[in-house]
Amino acid sequence: MNRNQDVVLKPLITEFDLKVRVGNLVREIADDFNGDKLIVIGLLKGSFMFLADMVRLFYVHNIPLLIDFIVASSYGAGTESSGEVNMTRDINTDIRSKWVLLVDDILDTGRTLNLVSRQLLKRKPAVLKTCVLLDKPDRRVIPFQADYVGFTIPDKFVVGYGLDYDSHYRELPYLSVVSFKNRNSES
Ligand code: XMP
């Protein structure tokens with residue numbers, strides 16, 4: 001983090017609104033689901049809180065689940081994507097002929113979901129659906145549309161509810177926009 005900048009957080013989506021929207025998203029997905037069990041794949045790290053809330057609601061809807069994780073990253077330190085997606089952990093669940101839901105925190109340039117969903121499709125799932133909490137369509141570099149979107153947001157860097165800035169703020173139960181205030185370097 002640049003020591004000459006103070007981070008300013010401006011609340012964007014409240015804890016209450018997140019809870020309501022996640023509940024509605026899970027109901028939508030449960031209504032569409034028509035398999036014997038759903039394999040939910042979370043993209044770490046950013047999706048961990050969203051995914052934890054979703055899977056507990058799938059339980060309420062009586063949908064049997066298998067949960068697995070992929071680790072992929074395209075961001076270094078800061079708010080700018082490196083442009084290169086690295087997949088550093090793969091699932092060890094067999095998804096052939098299964099219903100699969102790939103969950104990410106945010107759809108930004110589209111590079112991550114495009115790469116990961118193409119990898120998963122090679123394994124011939126019966127159905128592959130993608131779900132993101134947030135969509136920033138103005139930032140898209142690769143055309144990609146998620147099947148389920150929690151909120152469409154403007155081109156701002158956001159933190160909280162699993163999303164970080166330089167590994168900070170993931171624990172916030174709400175979403176905030178990050179901005180920076182220049183601090184006088186002499187003070
Ligand atoms: P792409 O560009 O591949 O990016 O669609 C998806 C990943 O980029 C990260 N990302 C963000 N992380 N606040 C964050 O904390 C943001 O505003 C933001 N925008 C993109 C995130 O890890 C996501 O999975």
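In each ligand, atom 1 is the first atom listed, and ligand 1 is the first ligand listed. Source: prediction; values computed, not measured.
- Annotation: side chain of Phe157 is not in contact with side chain of Leu163 (no heavy-atom distance under 4.5 Å).
- Using a distance-only test at 3.5 Å, with no hydrogens or angles considered, a donor-acceptor pair links the side chain of Asp68 to the main chain of Asn92.
- Per-residue contacts place Lys136 under 4.0 angstrom from the following atoms of ligand 1 (heavy atoms of the residue considered): 16 (C), 17 (O), 18 (C), 19 (N).
- Taking a cut-off of under 4.0 Å to the non-hydrogen atoms of Thr112, the atoms of ligand 1 that pass are 1 (P), 3 (O), 4 (O), 6 (C).
- Put simply, the side chain of Ile39 does not reach to within 4.5 Å of the side chain of Leu101, judged on heavy atoms.
- On a distance-only criterion, Tyr165 and ligand 1 share no N/O pair closer than 3.5 Å.
- Side-chain contact between Ile63 and Leu65 is present, with at least one heavy-atom pair separated by less than 4.5 Å.
- The shortest side-chain heavy-atom distance between Asp36 and Lys98 falls under the 4.5 Å cut-off.
- Taking 4.0 Å as the cut-off, Asp105 counts as a neighbour of ligand 1 on heavy-atom distance.
- Using modelled atom types, one finds a donor on one side chain and an acceptor on the other under 3.5 Å when comparing Asp53 with Tyr161.
- Atoms of ligand 1 found under 4.0 Å from any heavy atom of Lys156 (numbered from 1 in listed order, with element): 17 (O).
- Here the shortest heavy-atom distance to atom 5 (O) of ligand 1, taken over Ser47, Gly46, Gly110, belongs to Gly110.
- Against a heavy-atom cut-off of under 4.0 Å, Asp104 is close to the following atoms of ligand 1: 24 (O).
- In the model, Arg111 has no side-chain atom that pairs as donor or acceptor with a side-chain atom of Asn114 under 3.5 Å.
- Considering backbone and side-chain N/O of Val158, one or more are found under 3.5 Å from N/O of ligand 1.
- In the candidate list Ile153, Thr109, Leu44, Thr109 is nearest to atom 1 (P) of ligand 1, counting heavy atoms.
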